[in-house]
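Report on the structure given below.
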Amino acid sequence: MTPQLSFYNTASRTQEPFTTLHPGVVNMYCCGPTVYHYAHIGNLRTFVFEDLLRRVLDYNGYAVKHIVNITDVGHLTSDADTGEDKMEKGAAREGKSVWEVAEFYTKAFMQDWERLNLKPPTRWTKATDHIPEQIALVETLEAKGYAYVIPEDGVYFDTAKFPRYADFAGLDIRGMQEGARIGVTEGKRNPTDFALWKISPSDAKRAMEWDSPWGRGFPGWHVECSAMAMKHLGPTLDIHCGGSDLIRVHHSNEIAQSEGATGVTFSRFWMHGGWLLEAPTADGNGGGKMSKSAGEFVTVDLLLKKNYGALDYRYFCLGAHYRSYLNFSWEALDTARDSLKSLRRKTDPLIGRASAIVSENALGWQRRFLEAVYDDLGFPQALAVLNQMLKDPDLLEGEKAALVRDFDRLLGLGLAEKTEREEKVLPGPLAALLEERKDARNNKDWKRSDEIRDLLKGKGFGVKDNPDGTTSWFPL
RNA sequence: GGCGACAUACCCAAGUGGUAAGGGAGAGCUCUGCAAAAGCUUUAUUCAGCGGUUCGAAUCCGCUUGUCGCCUCCA
């Protein structure tokens, strides 16, 4: 019996059997990064989750159309005009043009994507390549009576015209009104109304602006995702993903403007990744959601600099359920790195030895693994199944190898191939030392032998004496 | 102020009514000249605290404590 795929749907707040609008095809849109700075590993956790989802869909034989956007338009940081534009802020910080900043960080992001072994999306879509589509969407909303103009400010979406607005995120709008809210835009009809198009102030020239029926300006905070998703995937998506922090505002708004314009369900499944939390420092500061502004700004580059592999971080993410909080600490990452290393030690000897998976036993392991993964991406349990499987003495090596290869299609840890762990050559003088140690050992000069072992250890090389009399070394 | 989430061993963490997965670290054993690596064994009478429902609760309900988040932008 093949296990059935089911995912937790934020829209219904329940886990539902997965179905698609069109048989065999999955249209999936994932909110991507704003490219004004490097992505930190908290941002990246969401993309790792989405990659896991993507792999499960691929594994099931779906033709997946997977779109990830690149937000290269700077949006203001608040409703009020007082907010700073992230892109312009980035440009000012680095003395570059906004376009250069966008290009630089887009490349950096894609590099991180590859390092984490994320499958390339079917298509990357850039916000600035879709200005006409965004304008068209706003025009449709205006024609349907969902939009209103605040002169010299912009076009806004009237959330009162979309009665379901609060449902998706379970917003308590009355409670929000009671809250002290600073920087309310003059002229907004409802606190939840949001800009569809912002008109540039007459006295300031923006680095990125376009002509529109409402005046020169730039698209609002949320239209790009609706416009691009519907252009490339049609009015109804199968899955829309993002980080949990997008639920309340961004995704509520996307639903309002998309469904307002088309009259049909925008996305059948909504899936959101949990946050990466930062441990507080020893003095009790920091802690909470990882961000660029607070605490340590941890990027993949920093990980590599500290001698972790990007896949160590991927493994770290695999250890926790995608919807739960994950506590990041260097100690926890050490754990993940050691775990992956020891996992590789078990799976490396199996590379290239796969046979067919035919025995009852092997099929049972495969079923258990898939049951875990198909149950709302239960990768932590799946990892437990993998570990137990590797220890099963009744399983033939060929089948073990085949299972590892099969599971890794979903895990994406590179367990089935020899990675770039290149054969390093022991530097000449050290090789000579190793020879000398061999002689010492033959003469039972344990003192000298141990000295040399310590010396090599200091240089970063471990030594191990094999039972057959040979000696091997490995980088520590 | 309003709303919400979370709290499982040394660390990460699974488990949402049936009697605590898995990994790492640690410990013991085997192996070894000693190590390393590997293999085996082992590590929570207990799930923040208190009370309740139940034949039965980490799992449901209530209260308390603590941490974090949202009500600006955010993966």
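Proteins come first, then strands; the chains are lettered A, B, ... in the order of their sequence lines, and each starts at number 1.
Rounded to a whole angstrom, the distance from the C1' atom of G1(B) to that of G62(B) is 24 Å. Nucleotides G56(B) and G4(B) are separated by 31 Å at their C1' atoms, to the nearest Å. Comparing G22(B) with G39(B), their P atoms are spaced 16 Å from each other, to the whole Å. Using C1' as the reference atom, A44(B) and A14(B) are 15 Å apart when rounded to the nearest Å. Nucleotides U16(B) and A48(B) have their P atoms positioned 15 Å apart, rounded to a whole Å. Look at the P atom in both G15(B) and C60(B): the space between them is 13 Å, to the nearest Å. For the C1' atoms, the distance linking C11(B) with G18(B) amounts to 30 Å, nearest Å. Across G2(B) and U8(B), the matching C1' atoms stand 31 Å from one another, rounded to whole Å.
With G24(B), C70(B), A14(B) as the choices, the nucleotide that has an atom nearest any side-chain atom of Arg248(A) turns out to be C70(B). Listed candidates were C70(B), C74(B), G4(B). Nearest to the side chain of Asp245(A) is C74(B). Of all nucleotides listed (G4(B), A75(B), C71(B)), A75(B) comes nearest to the side chain of Asn43(A).
The strand RNA chain B forms stems, runs of 3 or more Watson-Crick or G-U wobble pairs with distances below 3.5 Å, at B:1-7 with B:65-71, B:10-12 with B:22-24, B:26-30 with B:38-42, B:48-52 with B:60-64.
Contacts of Ser244(A) with the nucleic acid, taken as non-hydrogen atoms under 4.0 Å apart, are absent. No contact: Glu50(A) has no heavy atom under 4.0 Å from any strand. As judged by a 4.0 angstrom heavy-atom cut-off over every strand, His321(A) is placed among residues touching the sugar-phosphate backbone only. Leu326(A) comes within 4.0 angstrom of the backbone, heavy atoms only, and of no base. Using a 4.0 Å heavy-atom distance criterion, Gly273(A) is classed as making no nucleic acid contact.
Separating the CZ atom of Phe328(A) from the C1' atom of U67(B) is a distance of 19 Å, rounded to the nearest angstrom. Rounded to an integer number of Å, the gap from CZ of Phe47(A) to P of C74(B) is 12 Å.
A perpendicular orientation is assigned to the rings of Tyr313(A) and Phe328(A), their planes being inclined by more than 60° (bins at 30° and 60°). Between His222(A) and Phe194(A), the ring planes are perpendicular. Angles over 60° get that label, and only those under 30° would be called parallel. Taking the six-membered ring for Trp and thresholds of 30 and 60 degrees, His240(A) and Trp270(A) have nearly parallel ring planes, at less than 30 degrees apart. Below 30°, between 30° and 60°, or above 60°: for Phe47(A) and Trp113(A) the angle between ring planes is between 30° and 60°, a tilted geometry.
Contact annotation: Ser324(A) reaches the phosphate of A14(B) (side-chain N/O to OP1 or OP2, under 4.0 Å).
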Can you build the contact string for nucleotides 25-42 of chain B? Use B for base contact, S for sugar-phosphate-only contact, and - for no protein heavy atom under 4.0 Å.
--------BBBBSS----
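Within residues 378-386 of chain A, the residues approached by RNA chain B to less than 4.0 Å at the level of any non-hydrogen atom are Pro380(A), Gln381(A), Ala384(A), in residue-number order.
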